[in-house]
Amino acid sequence: MTVRVERTFEFDAPREDVWAFIADPEKRARPISVVDEFEVTGERTARWHVRLPIPLINRTIAVETEDEEVDPPEFVRFVGRSKVFRVVGEHELTELEDGRTSLRNRFTVDGRVPGVERFFEKNLDEELGNLEEAIAVDLGIEA
């Protein structure tokens, strides 16, 4: 089973300011509650250390991530690969006429271990809410 979630946020901020957050892989990873640690491994690569509360998994999972497509200040697509799951995240920014920014987020998770998709199906929307709040805090505005 594949889990897909899409949410759009609007921020009272210029697109370049929202892009500064979204373009930074560490800032994108930190709000995700299951990411225990994060390390940059290259110009467009990073390693997330993820701890999922699933009975079959009693250790931290290394997820190798790569920003596969980056088109500043409009779009970034990253892929994360591990033995337990694969995640694809896309963030698309649109400058609105009133100076606000729309941020469309799409995530797809394919689990390779029982319980992974169920976890993300239940929690991915909340994790996107964490991302929205982190961006707002970074911008100094209310979500």
Side-chain angles (χ1 to χ4, degrees), residues 1-54 57-113 115-143:
M1 180 172 101
T2 299
V3 177
R4 290 183 177 84
V5 173
E6 182 173 327
R7 278 189 61 193
T8 301
F9 313 137
E10 288 188 9
F11 297 101
D12 190 13
R15 180 172 58 180
E16 289 74 17
D17 292 353
V18 179
W19 176 257
F21 185 99
I22 286 299
D24 184 326
E26 185 170 358
K27 286 185 177 183
R28 286 194 318 253
R30 292 253 179 251
I32 308 304
S33 68
V34 293
V35 176
D36 276 358
E37 293 179 43
F38 177 90
E39 59 189 290
V40 174
T41 57
E43 186 176 330
R44 293 174 96 170
T45 60
R47 183 175 300 115
W48 297 11
H49 299 276
V50 175
R51 184 172 304 278
L52 297 177
I54 297 173
I57 303 171
N58 59 1
R59 61 180 169 78
T60 301
I61 303 154
V63 181
E64 303 297 331
T65 66
E66 179 181 6
D67 287 354
E68 288 190 332
E69 186 179 343
V70 180
D71 183 18
E74 297 176 3
F75 184 79
V76 63
R77 177 182 193 269
F78 75 90
V79 176
R81 296 172 180 89
S82 76
K83 293 180 181 181
V84 176
F85 66 90
R86 179 178 185 268
V87 60
V88 176
E90 297 179 348
H91 304 281
E92 184 176 0
L93 292 85
T94 304
E95 192 169 32
L96 304 175
E97 290 180 16
D98 61 1
R100 294 171 50 86
T101 299
S102 173
L103 173 61
R104 188 163 144 201
N105 306 278
R106 290 181 294 270
F107 284 86
T108 304
V109 178
D110 290 312
R112 298 184 175 130
V113 172
V116 170
E117 282 118 344
R118 189 175 197 184
F119 169 81
F120 282 107
E121 186 175 42
K122 286 179 68 178
N123 296 290
L124 201 50
D125 196 55
E126 183 178 330
E127 297 294 352
L128 283 171
N130 294 344
L131 179 67
E132 179 182 24
E133 184 177 328
I135 294 169
V137 167
D138 191 70
L139 295 170
I141 59 175
E142 284 189 38

*Parallel, tilted or perpendicular: which describes the rings of H91 and F107, with under 30° parallel and over 60° perpendicular?*
perpendicular
*side-chain hydrogen bond (donor to acceptor under 3.5 Å, both in side chains) involving S102 - partner list, sequence neighbours excluded*: none
*How about N130 and E133: does a side-chain donor come under 3.5 Å of a side-chain acceptor?*
no
*To the nearest 0.5 Å, how far apart are CG in D138 and CG in D17?*
9.0 Å
*Please report the closest heavy-atom contact between P73 and E16, naming both atoms and the distance.*
CG-OE2, 4.0 Å
*Mind listing the closest non-hydrogen atom pair of F38 and H49 along with its distance?*
N-CD2, 4.5 Å
*Can you name the nearest heavy-atom pair linking A13 to L139, along with the distance?*
CB-CD1, 3.9 Å
*Shortest non-hydrogen contact from W19 to F75?*
CH2-O, 3.3 Å
*Please, which pairs that meet salt bridge (Lys or Arg N to Asp or Glu O under 4.0 Å) have at least one residue in residues 60-71, sequence neighbours excluded?*
R28-D67, R47-E64, E68-R77, E68-R81
_Show the nearest heavy-atom pair for residues K27 and F21, with the distance to one decimal._
O-CZ, 3.2 Å
*asked:* Would R4 and R106 count as a side chain to side chain contact (heavy atoms under 4.5 Å, CB included) here? Give the steps.
replied: CA-CA 7 Å; R4 290 183 177 84; R106 290 181 294 270; over 6 Å; no
*For side chain to side chain contact (heavy atoms under 4.5 Å, CB included), just list the numbers for F11 and E132, CA-CA rounded to whole Å, side-chain angles, deciding distance to a tenth of an Å, and then say yes or no.*
CA-CA 9 Å; F11 297 101; E132 179 182 24; 4.1 Å; yes
*Side-chain donor-acceptor contact under 3.5 Å, R51 with T60*: yes
_Less than 4.5 Å apart, side chain to side chain, heavy atoms only: is that true for R7 and D125?_
yes
*Counting only N and O atoms by type, is there a donor-acceptor contact under 3.5 Å from the side chain of E127 to the main-chain atoms of S33?*
yes
*Atom pair CD (E39) and OG1 (T65), whose distance is rounded to the nearest 0.5 Å*: 10.0 Å
_Could you walk me through whether V34 and F119 satisfy the side chain to side chain contact (heavy atoms under 4.5 Å, CB included) test, starting with their C-alpha distance in whole Å, then the side-chain angles of each, then the deciding distance to 0.1 Å, before giving a yes or no?_
CA-CA 11 Å; V34 293; F119 169 81; 3.5 Å; yes
_side chain to side chain contact (heavy atoms under 4.5 Å, CB included) evaluation trace for L128 with F9_ = CA-CA 10 Å; L128 283 171; F9 313 137; 4.2 Å; yes
*Result of checking E92, E10, E74 against R15 for salt bridge (charged side-chain N to carboxylate O under 4.0 Å, His left out)*: E74
*Can you tell me how far the CG atom of L52 sits from the CG atom of D36, to the nearest 0.5 Å?*
9.5 Å
_Distance, nearest 0.5 Å, that separates CD of E90 from CD1 of I22_ = 12.5 Å
_R118 atom CZ, neighbour heavy-atom count above 12 within 6.0 Å_ = no
*Distance from K83 atom NZ to R112 atom CZ, nearest 0.5 Å?*
11.0 Å
*To the nearest 0.5 Å, tell me how far R30 CZ sits from D24 CG.*
9.5 Å
*Apply side-chain hydrogen bond (donor to acceptor under 3.5 Å, both in side chains) to E117 and list each qualifying residue two or more places apart in sequence or on a separate chain.*
none
_Nearest non-hydrogen partners of V63 and S82, listed with the distance_ = CG2-CB, 3.9 Å
_T108 side chain vs V88 backbone, donor-acceptor pair below 3.5 Å_ = no
